[in-house]
Structures are given as C-alpha cells and as structure tokens.
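Step one of this worksheet: look at the structure below.
Naming convention: chains lettered A, B, ... in sequence-line order (proteins, then strands); numbering from 1 in each chain.
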2 protein chains.
Amino acid sequence: MPLPNQEPQLIELKQRLSEINDIESVIALLHWDQATYMPAGGAAARGRQIATLKQIAHEKLTDPNLGQLLEDLRPYEASLPQDSLAASLIAIARRDYQRAIRVPSEFMARLSQHQAASYEAWSEARPANDFAKVQPYLEKTLDLSRELASFYGGKQVADPLIERNDYGLSVDAIKPIFQQLRQQLLPLVQAIASAPQVDDSCLHQFYGEQEQLNFIKGVLFRLGYDFNRGRQDKTLHPFASKFSIGDVRITTRVYEHHLDQALFSSIHEMGHAMYEQGLSPDLEATPLAMGTSFSVHESQSRLWENLVGRSRGFWEWFYPQLQGTFIRQLGQTSSEQFYRAINKVQPSLIRTDADEVTYNLHVMIRFDLELAMLEGTLSVGDLPKAWNERYQKDLGLVPSTDTNGVLQDVHWYIGLIGGMFHGYTLGNLIAAQFYETAIINDPEIPVDIERGNFQRLRDWLKHHIYQHGRKFTTQELLERVTGRGLSLDPFLNYIRNKYGYIYNLKL
Amino acid sequence: MPLPNQEPQLIELKQRLSEINDIESVIALLHWDQATYMPAGGAAARGRQIATLKQIAHEKLTDPNLGQLLEDLRPYEASLPQDSLAASLIAIARRDYQRAIRVPSEFMARLSQHQAASYEAWSEARPANDFAKVQPYLEKTLDLSRELASFYGGKQVADPLIERNDYGLSVDAIKPIFQQLRQQLLPLVQAIASAPQVDDSCLHQFYGEQEQLNFIKGVLFRLGYDFNRGRQDKTLHPFASKFSIGDVRITTRVYEHHLDQALFSSIHEMGHAMYEQGLSPDLEATPLAMGTSFSVHESQSRLWENLVGRSRGFWEWFYPQLQGTFIRQLGQTSSEQFYRAINKVQPSLIRTDADEVTYNLHVMIRFDLELAMLEGTLSVGDLPKAWNERYQKDLGLVPSTDTNGVLQDVHWYIGLIGGMFHGYTLGNLIAAQFYETAIINDPEIPVDIERGNFQRLRDWLKHHIYQHGRKFTTQELLERVTGRGLSLDPFLNYIRNKYGYIYNLKL
C-alpha cells in the first residue's frame, strides 16, 4: 500500500512550528530591548508582555492538535532518511512536544512567579552581602527544581534538568570526567602559582571606550561576524541573542582600565552569534534553528575567545593594529609581553574573571555543590560554609564576603537550579576537541590565522557544526565530527603545551 | 432582582483585553526596532514575525467568547455611570469587537499582501518618477478600500474609512469645514506671497548633528517629555511609538543645513508622545490606553510644534540657549530675526516642508482627490493631471515631476486609501481650538512659557485631554473641553494675528 500523501500535514507542521519560533524570537527581542534601550519606566509592562507571549507560545507548543499531527506524520518520517531535514524536524518537534506536555501549566505559572521573586531578592542580597535573605528563596528553588525534574523522570534528580539544556547528557556521564579533570588541574594550578608571575599591568592603563569599541568592531568584522546580520550594543552584562538567522546580535560592556574585558567577552559572544549566523538557511523558523545544546554553544564561544583569540598566531596579525590604536599605552610593549599578559594565570575568587586554567575549577565547585543540594546531602544553610571550604581546597583562597563568594553568580538565584554550570566546563573541553580535529582536518587553519585570514576555520566550523543546528545532540555531534565521545585529552594537551611554554614549566 | 455579581466577568474581560494590548504593543516594538537598530538581514523574518503576531491579535480580538462576555456584561455596564472607567472599557471594547468581526480574515490576508506589494512598488516608482508603475496598485488599493468600507457601511464610501481613525466623524461633517477653510486661506496665502519675503538663511548654515541632538534633548526635557518613560533615536522618518504608558519613544532625523527640521519634528513627535505618557495609569493595558483619534493626536503634536514651539514666548526662553550652543552661526542673529525665519511662509510643492499657513492647502488637495477617487469621479489615470492642476490653482506652483507631486507621500501607496489626510488639517484646527480654551482657562500659561515653565500647559492638557485616552471621541472631547463643536475661528484668528504681524499685513 503506498503511503498517503503527507505533504499537506508537513506544511501544517511547519506553519505551526514557524509561529512558535516567531513568538520565541519576539520574546528574545523583548529581552534584548529591555537590556539595551528600554527606558526604566517600561519595565512593569515589559514583564507582562513577555509573560503573555510565553503563555501563547506554551499553548501552541502543547496544543494536542500539534501532538496528533506529529503522530500522523510517523509513517512519513519513517519513509525518509533519518538525517534528512524533514525527518529531523518531525523527530525534534515531537521530542519538544512530548517534553513540554509533561509540565503542567499551573507549575510553569508558579515557577515564573518564584523566579521573579528570587531574582529580586538576590539583586538586593548580593550587594548587601546578605545570604540569609536569599536562603528561603533558594530552598524553594530546590523544591521547584526537584518538582520540575519529577515531571520528566531520570536516573538522577539532576538528569532531566541537564537534559533541558543538553539533551542526552546525564550526571553519570559528566561526573567521572569532572573528577578526572579536577585531579589533573589541581597540580597544574599549583605549579603555575609557584612559578614567577606574569606582568599584566599593560592591560590596566587607560583605554578609552570609543577606541576600544572601534578596535573590537574591526576584529569582529575580520573574524567573520556578519554585521549585515548582526550588531553590537552596550549592556550591563554581555550576551548574544538571536531573532532570526538574519539577525543575531551581541552586546558588551567596556572597562576603561581593563583592556581584556570588552575585547575577549566580545569575541566570546561573537562565537555564540557566529554559530547562529552559520545555521543553514533551510532551518529558518523551525525548532532546528539554534545551537544544539548549552555545552556545544559554549564550545563555540570559548573556541573563538580562547583557542583562537588568546593564541599567539591571532596576535601576530592583530597586535600591530592594537598597538597602532593605542600607541601611547602599548608602544613599548612587545607582542610577546602582551601575549603573556592576556594569558596570565592567577587563582581568584570570581568565576567570570578567571583564566583558562583555573576557570573550570570554579565551575566544578558549583556543579558539585548544586548536585549535593538537589540530592539533599547539602542543606542551603550549610552552602556558604561548603563554598568557602571548597574554594580554600581548590583555589587556595577564601572569600571575605558572600558577595564575592556564594552570591556572585546569578544562576542559582533565578529560581531554577541545575543544568547550567556543567555546560561551561563541557564547553571548554568540547572546544579543544573540535579545534584539535579542525587542525588535523586542515593544517592550514593556524597558518591562515597568523595572516589574519579566518575563512578556513569558519568554513570548517560551518560545515561540521554551525549548519546543522539542533539536528544532532551534543554527543552525536562529537562522534560525527571528532570520531569519538567526549575526551579530556585535547583540552589538557592544549593547557599543558600553552602554559608550560608561558610559565617555562614541564606540565 | 439584584444584579448577578459580574466582577469575575469584568476581570476576565480585562485579562483578555490586556493580552490583546500586549500583543499590539509588541508589534509596535517590532516596527520600532526595524526602523532603529535592526540589521538589514533581519527584514524577512521580521515581516513574518509581525504577521504572526497580527494574526494572533486578530484571533483574540474576534474571539466569539469575547463577544459573548461583552454581551453578558451589558446589565453590569448599564448599572455604572456612563463615563466610569469600567463602563467606558466595556463600551469601547464592544465597539472594537463589533467593528473587527465585520471584516473577514480572508480579506485581511488579501489586504496585507497587497499592502506589502504596493509599498514596494512605490519605493521604486517614487525615485524613478514612474507613476505608471504604481497605477495598477493604486487601482487595486481603491477596490480594496471600497471593499473594506462595504463591510462597515456608511452614508459615504469614505465614512467607514474615516471612522477607523476618527470614530464619529464623516465626510459630510468635514467637507463644509474644509471648503470654508480653503476659501479663507487662499487670499491669505496670496497676500503673504506678495509681501516682502522673510530671510531664513540663518537656519541653513552648518549645524553639527550631535550639537543639534543635545540641544533638542534639553528642549524636550524642559517641555516635560519624560525620559524615564521614553527616549529619542534616529530613523529615516521621525515617528512616535508607544509600548506602554511607561515607555513612549520618539525618533528624529537630522539635517546639518536645516536647523528647523530635527528641532520642530522632534517637538512634534514629543507632542504625540506626551499625549500617550499622560494617559491615566488606570488605563494601562486596556483598549482605552491610547490617544482617542488620529485628528486629536495630531492636534497634540501640532500644538507643541507650532502654537508653542514657533511662538515668540517660547523663544524668549530658548533662544539665548540656542545662541549659546551655536555662537558662530547665530551670534549675530537677533531673537526677532530667528522668530521670523522659523515662521517663513512660502508656497511650495512638498507637504511635509510646508509652513503653518500653506500646510492645510496641501492636505485638502489630497483629501478632495482621494474622495473623488473613492467615489469614482476621478480615475487613477487622471490623478497626476488633477494633482498638478490643483497645485497650480491653490499654491501657484506645478510639480516638475511626479516624484515631487503625486508620488511624494507614502499614504496612498500603503494599499489602503482614505481616513488619514483629513486628520492633519483637523489636527491643526483642533490644536488652535484647544489652545485658545487653555489660555482662557488659565491666562498664566503664555506668561509661564516665556519663563521656560511649561507645567501649567502640561497640567491643563493632561487634565482635559491626555488622561482620558479613548474614553471620549473627537467630537465629545471638543464639546467637553471647549464647550462647542469644531470651529474654524481659533485657527484663523491665530494665523491672522501671527502672520499679520510677521508680514506687516492686515489679514
């Protein structure tokens, strides 16, 4: 019996998914506007507008007619090659649908309310160094996070929370990798800390905001960020945001005595944005049209920021231009001195200021502590103490206040815990693994970078990663691109080579 | 029998209306972003996103459950004072609902498609001076406009189109007023044209963009535009746009050899924005939360732009500051010379560049011609000829190209004709009528303006006009505020006095 013609159903599916995608894109724009240009007076209504659109998107995403359509399309899907666009679209839309309908609307409403309240409490508690203020919110956050997890089910309580951002990953997959990584990193950090320190004072002279922004714009343009399909604005915290494949914007903030801040955070956000700009246009307005996971997304930002942006080859090309822009500040600083300055390793208290070597220690502290809280082996009341003890152990420092300690990151205070922090470290590992493969595939990549030509690297990334969007999960993509699952080796090799040289150590 | 408790139904009504309002506000933001900051690559998706939200808003506005709710609320409404907030809300929501359901969705889709196509044709035809290119679109526009009118019905074909923007107004009400106005204006314009001309060369020196924008910002702030609930950005065409009562933004464009352009168009847009900022907060997120009509809105922009902004008293206060900002350009120009320069009268071909005296002649040409086209007494093919003849008659000038003639304004080429142009002239008349009443009510208003104090005028406008939003129609508001219907006298008195003085004529 021939298959019935399911084209009309596929068209209806695309139409429904396009509407959902449109509403989600508009929500992203509402957030972008709030962070960039919205006057303060617009805040209350903006919150309401976002909630209204979220509600509409949720209704459309959980519409039983969508579910029925996805069931009806099963035979058609089965008739297609598994990695064809249509088959992926149907399969991933069904996955999204089935996950969405597990969570009652009533819960989402309760969660939303709590999220706003928790964030507000943190906004006041952090500057006031007042952990007691957020404690009850954090306790409720844990309850709600466990409740959310319970709707999906999983081997470990954190598994469904991780899968929200990294489909297919689990605590059991992440934990042993993190344990090994920590064991390898701790002695490295100690060795570097005992070596003579790098002088990074050249970065802390006065660098005018407009000159910084102009230089950065030139860098982003050269790296291949498409300003016809993007732009950069200023916000309190840098971020990247997509409204369509043709409109992926980034933001930055500038410190006039920290040259590295705006520069590297801009390259970081550009990495996120290039991923989205590089999606195949065929995916536009479908649920495939985004980076596949939190950790792969982070791998793309870190690849550009660190593996490329903090490499010697990169500055072979860009340093003369930077010197030309800031002759007074950098005229007497050699390219080598600058390279060392931007790669200075120093154990510190603040994750977002951390260098490449210590950064993952910060992340793993958070991952372990949030897991312990979710699993009920650590109480919220004991969290600051546990935090400080672990900082002492891993980084040899104890925060003098909770402001610089357990209150520093927003993540635990937005009303939902779990499934975020692991992605930062996985991103670093995956970045190294992808970049190693890229250079094996095309050894001319680093040569071209020294000449200021980034086309080869972009082509490789676009071909192997960007274009596919959500077609492959984190693990599928790793296997496909690098021929193996997640590995620590590329990252550790990279760190050992680079910092062994800079610190003149055998690491 | 006591009334059933209808509070829950009122709450449901407000909830539904708030959602519709939210979606409409978001659509406005999507347009604002498109005009201000969106990169070119975002255009295609943006069109789709706007269409998706429009469709959702339309579905919600025409939802039969909303209609039923409005019917159920009739007894409750009848029990309330007629001008109470709840009664107005129910009545105006019902009016909107009943008008919306008259127009089939199928028609709206056809209209939307045609609108996009027509606009695109005009975008190419105008610079190319190619009226033939837009002719078929304009013919279809007339068909669709008549079809739209037929869904509502009215004495004249243009009546329902006018009522879309000015509820309660009609051709029969407007036509005799316009005829009188034209008869009075023609000899005035002739008399002024024969008098010695004003020298406005002081406005056409070089005025740097940033200095202009800074000065304008100071003016807007002083006039009372609330920058905590608004902002000003640059766009190709100036406009005002509201996303909530707490977020009403304006845009401008700057010409460095036309000091008056950005300055007065900013005050104009600020007038629109102050109206929206001045709405009672109780109206937020309801269909009452906007200026009541096209013509009353225009009265508020023109009141600030012309009656206040081009008055001698205004420049008593601001001219020294303007001189201080542009010493090189204006150091030798007296306040009196400047006042005359910004009020120069000169018949010209372009509506948007026209002075206060000739401006309404431009508008009435368009009103008469579009009426003739809608009524079928003028064919589209004959339009350019009719346009040029009427310009010769009323302004003594004939456009050398259609680019500067019949193709100059976008209005006829956005795929829907009728119900727009009348509002520009009514706005001028209403502005004068309101301002006359304001000064009678509070004679200190012009005295305060000379001292740079605009609070009294703002308070009067807010109390009598702004706060009410759509509670009263154009005509109800005129009656309420000025004690009579629309009158020509205030405008003509204002023009005769002001320009009689400037041109030393007995007008």
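- Residue contact with chain A, scored on non-hydrogen atoms closer than 4.5 Å, involves the backbone and the side chain of B/Y37 alike.
- Under the side chain to side chain donor-acceptor pair (under 3.5 Å) criterion, the residue pairs touching residues 239-248 of chain B are B/K242-B/E276, B/D247-B/R249, with sequence neighbours excluded.
- Distance check, rounded to the nearest 0.5 Å: CZ of A/R231 to CE of B/M38 gives 11.0 Å.
- Between the CD1 atom of B/I23 and the CD atom of A/Q49 there is a distance of 10.5 Å, given to the nearest 0.5 Å.
- Chain A forms the most heavy-atom pairs under 4.5 Å with one residue out of B/G246, B/G42, B/P39, and that residue is B/P39.
- Residues B/K60 and A/I56 are in side-chain contact: their nearest non-hydrogen atoms beyond the backbone lie under 4.5 Å apart.
- Annotation for B/F227: atom CZ counts as buried by contact number, over 12 foreign heavy atoms lying within 6.0 Å.
- Between B/F243 and A/R46, the closest heavy-atom pair is CB-NH2, 4.5 Å.
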Test side-chain contact (heavy atoms from CB on, under 4.5 Å) applied to B/D33 and A/D33, step by step: CA-CA 9 Å; B/D33 179 71; A/D33 179 71; over 6 Å; no

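- Within 6.0 Å of atom CD in A/E120, 12 or fewer heavy atoms from other residues, nucleotides or ligands are found, so the atom counts as exposed in its surroundings.
- Taking the side-chain hydrogen bond (donor to acceptor under 3.5 Å, both in side chains) definition, one finds that B/R458 meets it with B/Q455, sequence neighbours left out.
- Note: B/G230 leads B/A51, B/G230, B/S25 in heavy-atom pairs under 4.5 Å with chain A.
- The CG atom of B/D22 sits 10.5 Å away from the CD1 atom of A/I50 when rounded to the nearest 0.5 Å.
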Pair A/V26-B/L30, side-chain contact (heavy atoms from CB on, under 4.5 Å): steps then yes or no: CA-CA 8 Å; A/V26 170; B/L30 292 170; 4.0 Å; yes

Verdict with reasoning, A/E284 to B/R48, per salt bridge (charged side-chain N to carboxylate O under 4.0 Å, His left out): CA-CA 11 Å; A/E284 174 67 10; B/R48 199 189 59 235; 3.3 Å; yes

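- Of residues 104-114 of chain A, no residue lies under 4.5 Å from chain B by any heavy-atom pair.
- To the nearest 0.5 Å, the span separating CD on A/Q15 from OG1 on B/T52 amounts to 7.0 Å.
- Annotation: salt bridge (charged side-chain N to carboxylate O under 4.0 Å, His left out) contacts of B/R229 (sequence neighbours excluded): B/D226.
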